[in-house]
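First listed ligand is number 1; within each ligand, the first listed atom is number 1.
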Amino acid sequence: MDTADVYRTFAVREARGPYRELAAAIAADPGLIALIDALPQPKRQPNLLLASVRYEGGPATEQDGFRTWAKDHWPQVERTVLTRRTQTNEAGRCASLLPVLAQVEGPLALIEVGASAGLCLQPDRYRYVYDARPPIGRGPVTLTCATEGDPPIPDALPGIAWRAGIDLAPVDVTDPGERRWLECLVWPGEDTRRDRLRQALAIAAENPPRLVEGDATATLPGLVAEAKNHGTVVVYHSALLPYLTPGARDRFVDLVTSLDVRWISNEGTARLPHLKVPDGDRLAFVTALDGVPKALTDPHGSWLNWL
Ligand SMILES: C[S@@+](CC[C@H](N)C(=O)[O-])C[C@H]1O[C@@H](n2cnc3c(N)ncnc32)[C@H](O)[C@@H]1O
């Protein structure tokens, strides 16, 4: 697939709101495609370019002149593309995580792999509303989730005795530039997500999570050895696997399954093909415990279909 095809496919299959039209327009702009093609291959992805232009102060939509601005300011845009990564951190995913976490006997020692700023490492600091059930938890961030299939929604939040994250490039929640980068990764028009991100970052900034810089597979065993002293070790990852090559993904899965830990994966249905989940017509993640699919879930946690 060439770069124009990547942007065209993104427009049709993934993008929502103004990014749909914008990605299609980029795909049809040979001048901008040539600039993108001069970037290293992993840096050509739509989300990274779109966020980088906004981070540099450019517009977010085709109507506001995104393409002209991007070409006119290409050295700045290129600098951000080359130095930043797509590290979208979505606290909403904790609504997918909670019913599965509740199946594990605590107290829990939680390790998130690919944690970004660690917003999914604090599932006990959010308030959850599943359908018309009574809310669980409290705080300024409410995660609303519509369910199907009678999920075992817990009455209370899990007891988390210890937590840490691993990331190739941990995001420092106390750094305004890093926080702004995370905001630029939220798509235009998604104000509810942006507001939730700000509030979740504020919670994290009060009590910053421990984030270890390192590669998923290389760093995990050491952290698991440490976590064992604190509770039932749960290794969790969400939207991590697209960033691993197929070989690295297989090595990571082999490692997790060889460790004495509980394993929760929350990834696109294509990323762990051996999980064999029914193909739905919605773009979905599959949330699995110890390699057994438990739910199809919205990639941002707004719905959950218990299997
Ligand atoms: C899309 S973000 C997801 C963040 C968070 N898990 C969530 O669901 O909101 C993926 C994260 O994985 C990290 N990552 C990518 N490859 C990695 C690797 N080999 N080892 C550790 N972290 C990695 C990236 O830096 C990024 O922060």
Side-chain angles (χ1 to χ4, degrees), residues 10 14 42-43 45-48 50-51 81-98 100-101 110-123 125-126 141 143 163-173 175 178-179 181-187 190 193-194 196-201 203-204 209-224 234-256 263-268 271-272 283-288 297-302 304:
F10 175 80
E14 259 190 80
K43 294 287 183 180
Q45 45 178 299
N47 271 327
L48 184 56
L50 299 170
V81 167
L82 293 177
T83 52
R84 300 253 172 208
R85 301 160 181 270
T86 44
Q87 297 195 273
T88 311
N89 202 181
E90 180 49 73
R93 290 175 182 141
C94 288
S96 310
L97 176 63
L98 189 71
V100 184
L101 265 186
L110 206 56
I111 299 177
E112 189 189 4
V113 185
S116 181
L119 302 184
C120 295
L121 264 176
Q122 47 186 19
R125 296 178 186 151
Y126 303 132
V141 175
L143 306 180
R163 70 192 89 205
I166 297 172
D167 203 285
L168 278 181
V171 176
D172 178 357
V173 292
D175 180 321
E178 303 261 287
R179 289 201 302 265
W181 173 243
L182 290 185
E183 280 193 29
C184 290
L185 286 165
V186 175
W187 294 357
E190 306 206 330
R193 287 186 62 212
R194 186 206 54 212
R196 182 165 70 202
L197 171 67
R198 286 181 181 161
Q199 291 168 331
L201 283 168
I203 293 172
R210 175 174 167 213
L211 299 175
V212 179
E213 182 176 340
D215 170 69
T217 303
T219 314
L220 186 59
L223 215 51
V224 167
V234 178
V235 174
Y236 167 65
H237 54 93
S238 175
L240 164 73
L241 298 185
Y243 301 93
L244 271 51
T245 62
R249 186 189 66 196
D250 292 347
R251 283 191 293 281
F252 175 72
V253 172
D254 286 348
L255 172 66
V256 180
W263 170 38
I264 300 177
S265 53
N266 186 44
E267 300 284 346
R271 300 295 169 186
L272 288 166
L283 184 67
F285 277 11
V286 56
T287 311
T297 54
D298 171 43
H300 296 145
S302 73
L304 178 156

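Counting only non-hydrogen atoms, the option in Arg249, His300, Arg93, Glu267 that gets closest to atom 7 (C) of ligand 1 is Arg93. Proximity annotation for atom 5 (C) of ligand 1: of Ala239, Gly301, Gly92, Gly114, Gly114 comes nearest, heavy atoms only. In this comparison of Leu121, Thr219, Asp167, Leu97, the heavy atom closest to atom 13 (C) of ligand 1 sits on Asp167.
Proximity of Ala117 to ligand 1 is not established, as no heavy-atom distance is less than 4.0 Å.
What sits closest to atom 20 (N) of ligand 1 on the protein, heavy atoms only, is Ala216 N, 2.8 Å. The closest protein non-hydrogen atom to atom 18 (C) of ligand 1 is Leu168 CG, 3.4 Å. The protein heavy-atom contact nearest to atom 23 (C) of ligand 1 is Leu240 CD1, 3.6 Å. The protein non-hydrogen atom at the shortest distance from atom 19 (N) of ligand 1 is Asp215 OD1, 2.9 Å.
With sequence neighbours excluded, the residues satisfying side chain to side chain donor-acceptor pair (under 3.5 Å) with Gln122 are Arg125, Tyr126. By the side chain to side chain donor-acceptor pair (under 3.5 Å) test, Gln87 is found to be paired with Asp167, residues two or more places apart in sequence or in another chain being considered.
In Ser116, the parts holding a heavy atom less than 4.0 Å from any atom of ligand 1 are both the side chain and the backbone. Contacts with ligand 1 closer than 4.0 Å are made by side-chain heavy atoms of Leu244 only, the backbone lying farther away. Residue contacts with ligand 1, taken as heavy atom pairs separated by less than 4.0 Å, do not involve His237 at all. In Thr88, the part holding a heavy atom less than 4.0 Å from any atom of ligand 1 is the backbone.
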(request) Would you please test Leu223 and Val212 for side chain to side chain contact (heavy atoms under 4.5 Å, CB included) and show each step? (result) CA-CA 9 Å; Leu223 215 51; Val212 179; 4.0 Å; yes

(request) Could you go through the ring-ring contact (aromatic ring centres under 6.0 Å, His included) check for Trp187 and Phe10 one step at a time? (result) CA-CA 13 Å; Trp187 294 357; Phe10 175 80; 5.6 Å; yes

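Defined by atom type and a distance below 3.5 Å, a donor-acceptor pair is present between the side-chain atoms of Thr287 and Thr297. His237 and Glu112 share no side-chain donor-acceptor pair at under 3.5 Å. In the model, Tyr243 has a side-chain atom that pairs as donor or acceptor with a side-chain atom of Thr86 under 3.5 Å.
Within the listing of ligand 1, atoms 20 (N), 21 (C) sit less than 4.0 angstrom from a heavy atom of Gly214.
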